[in-house]
Amino acid sequence: MSIRLRLTAWYTAILAVTLIVFGSAVYGVVHFNTYNSVRERLAQQYNKIEPTVVLNWNRRSNYFSFEAPSDLTSQTFVQMIDYVNNKLSVSENLGALNIKFPYPDYNHAVKQQGFKTVYIQGNPFYLYQGTITESTTGQVVAMLQLAIYTGHEVELLTLLRNILVISATIMIIVASSLGLFLARKSMSPIGNVIEAASQIQNGQDLSVRIDYDGPQDEVGQLIDTVNSMLGRMEGFYKNLEESYATQRRFVSDASHELRTPLTTIRGNVDLLEKMWSDEEADRPKLDEATLKQMTREAISDIADESKRMSRLVGDMLSLARADTGRTFDKQPIPLEILVEEVARRAQFLPRQADWITGDFSILNGVYVNGNKDYMQQMLFIFIENAFKYTPEGQVTFDALLYEDQVGIRIADTGIGMDKDEVPYIFDRFYRADQSRGMTEGIGLGLSIAKWIIDELNGSVEVVTRQGEGTTFIIWLPVVFPVPLE
């Protein structure tokens, strides 16, 4: 929530609490005074009635009665319950209404003395009831109830409550609107500061400045300070950011990309050491012709990888400038020869999974417009990742054709990943959470591979499930070879 909304919310909340407290106090005072006046009138009338109560003892009928005072108002009603004879006596005006007030039974008469509000047929009455005792024994013999119709008082209090609620609501709405307007107007310079800082952060326009023609208060001083700071930053920020980003990507990409050829060379060197070891037990049991053939292949691989390393070192700067649009030279490449060479060299990479290659004869005569070194680099990235994240199981390398595209598939049965992570795996420095701390790497390989695929006008398809493995299919457009002259 923005500051202006918080200020408006606090202002509105404080105003609402103040109005609620004020309205409750006004309503409480009016309510208390209104019903206090009613209670005083009831007490006066009750005191006038009680002395005139005549207990006419008639031994034949045992009847109790009361005499109402002459100044009893038309809105005051009297009712007496004779507990001895179980007889109810009412005043003339109450009898004309043909209603009666609820009264307690004999056992609860003493406890329920006092004032109370009752509703008879939807009409409000304020009632006072008190017991009448026999003068000699003190036994309760009757209860006298005196009530006043309070419809006018209820209407007055209801009207007052509605006025308070409606007026408070209108005041809160008006005050909130005005408060939001004032907060927005007073905080608008801060919005300009935020917008300028956001543009600086996003690198859109480092020359932006904040226009402000208001008073030199705290906000004005802040804007002047920010403008001065931006002026000092503008001179060196772009160059510093560009050089630092280029250097960081160059070092990271170089360390990652040189690992694959070095690993291949190291694997071939280890193989040569075993084949030509002085210890007979360490040498593989091979005939001389096979031994020479494998030696020639290993030496050839070492030479090719050394040349590839030299080219990679020279091309690292072009990879660092990939974002600027620089590309590599392309020509029709026979895909069958390239993938068979990659498959043969990949078996020397460090791995724990089984390496299974498919039938690449379907690629006979299939050409793609690309660069041999970069395509090998891209394939080794996917294969090395498959080995890295497959501690056991198998890694499969094969190809398929669909219409005018060729798909190179690298599938493993490794740890897999969550489907939600797939959109981010080609971002630089990103590594799936499940792999963090389990494998070496800094998360650059797939971003480089994705750049190469984009330069080849291809696409990559990812199918993965956590705990079951991952499949990458690199789709490349098929082209015809250049005719030989």
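Everything numeric here is computed off the predicted structure, so don't read it as measured data. Below, all heavy atoms of this structure are taken into account, side chains as well, without hydrogens, waters or symmetry copies.
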How many angstroms lie between CG in N371 and CG in L338, if you round to the nearest 0.5 Å? 10.0 Å
Are any of the side-chain heavy atoms of M375 and L335 separated by less than 4.5 Å? yes
Does any part of the side chain of I410, heavy atoms only, come nearer than 4.5 Å to the side chain of I474, both counted from C-beta? yes
Would you find more than 12 non-hydrogen atoms of other residues, nucleotides or ligands less than 6.0 Å from I337 atom CD1? no
Decide yes or no on side chain to side chain contact (heavy atoms under 4.5 Å, CB included) for D454 and L456, but give the supporting numbers first. CA-CA 5 Å; D454 291 340; L456 298 175; over 6 Å; no
Atom pair CD1 (I383) and CZ (R345), whose distance is rounded to the nearest 0.5 Å: 11.5 Å
Looking at K372 and E341, is there a salt bridge between them, counting it only when a charged N and a carboxylate O are closer than 4.0 Å? yes
Side-chain heavy atoms of I356 within contact of F397, under 4.5 Å: no
For side chain to side chain contact (heavy atoms under 4.5 Å, CB included), just list the numbers for R39 and Y126, CA-CA rounded to whole Å, side-chain angles, deciding distance to a tenth of an Å, and then say yes or no. CA-CA 8 Å; R39 284 191 291 271; Y126 200 68; 3.0 Å; yes
Measure across T12 and S176 and return the closest heavy-atom pair with its distance rounded to 0.1 Å. OG1-OG, 2.8 Å
Pair D270 + R266: basic N to acidic O under 4.0 Å: no
Do other residues, nucleotides or ligands put more than 12 heavy atoms under 6.0 Å from the CZ atom of F22? no
Heavy atoms of T413 and Q394 approach each other most closely as OG1-N, 3.0 Å
Looking only at heavy atoms, what is the nearest atom pair of T357 and A343, with distance? CG2-CB, 3.7 Å
Can you say whether the rings of F426 and F382 are parallel (under 30°), tilted (30 to 60°) or perpendicular (over 60°)? perpendicular
I'd like to check P334 versus N364 (side-chain heavy atoms, cut-off strictly below 4.5 Å). Are they in contact? no
T263 versus P350: any side-chain heavy-atom pair under 4.5 Å? yes
D329 atom CG: more than 12 heavy-atom contacts under 6.0 Å: no
Please give me the minimum heavy-atom distance between I120 and P102, naming the atom from each residue. CD1-CD, 3.8 Å
Value rounded to 0.5 Å, distance of CD1 in I452 from CG in D373: 10.0 Å
Distance-only, no hydrogens or angles: does the N33 side chain make a donor-acceptor pair with backbone N or O of V29 under 3.5 Å? yes
Would F125 and Y119 count as a ring pair (Phe, Tyr, Trp, His ring centres under 6.0 Å) here? Give the steps. CA-CA 6 Å; F125 294 87; Y119 284 85; 8.7 Å; no
Do the side chains of N385 and F472 get nearer than 4.5 Å, heavy atoms only? no
Hey, are the side chains of V460 and I473 touching, using non-hydrogen atoms and a 4.5 Å cut-off? no
L15 and M171: which non-hydrogen atoms are nearest, and at how many Å? CD2-O, 4.0 Å
For I265 and S306 the tightest heavy-atom approach is CD1-OG, 3.8 Å
Check against side chain to side chain contact (heavy atoms under 4.5 Å, CB included), L349 and F380: CA-CA 9 Å; L349 294 174; F380 273 115; 4.0 Å; yes
Between the CG atom in L157 and the OG1 atom in T150, the distance rounded to the nearest 0.5 Å is 9.0 Å
Salt bridge flag under 4.0 Å for residues E384 and K388: no
Spacing of CG belonging to N268 relative to OG1 belonging to T264, to within rounding of 0.5 Å: 7.0 Å
Would you find more than 12 non-hydrogen atoms of other residues, nucleotides or ligands less than 6.0 Å from R465 atom CZ? no
Check for a donor-acceptor pair, side chain of S300 on one end and backbone N or O of R296 on the other, with a separation under 3.5 Å. no
Using modelled atom types only, decide if a donor and an acceptor are shared between the side chain of D412 and the backbone of G469 within a distance under 3.5 Å. no
What I'd like to find out is whether the side chain of T464 reaches to under 4.5 Å of the side chain of V422, using heavy atoms alone. yes
V38 vs E153, side chain to side chain contact (heavy atoms under 4.5 Å, CB included): CA-CA, chis, key distance, verdict: CA-CA 9 Å; V38 173; E153 287 80 1; 4.1 Å; yes
Which residues satisfy the salt bridge (charged side-chain N to carboxylate O under 4.0 Å, His left out) test with K292, sequence neighbours excluded? E288
Once you measure the plane-to-plane angle for Y27 and H31, does it fall in the parallel (<30°), tilted (30-60°) or perpendicular (>60°) bin? tilted
Roughly how far apart are S167 OG and L19 CG, rounded to 0.5 Å? 7.5 Å
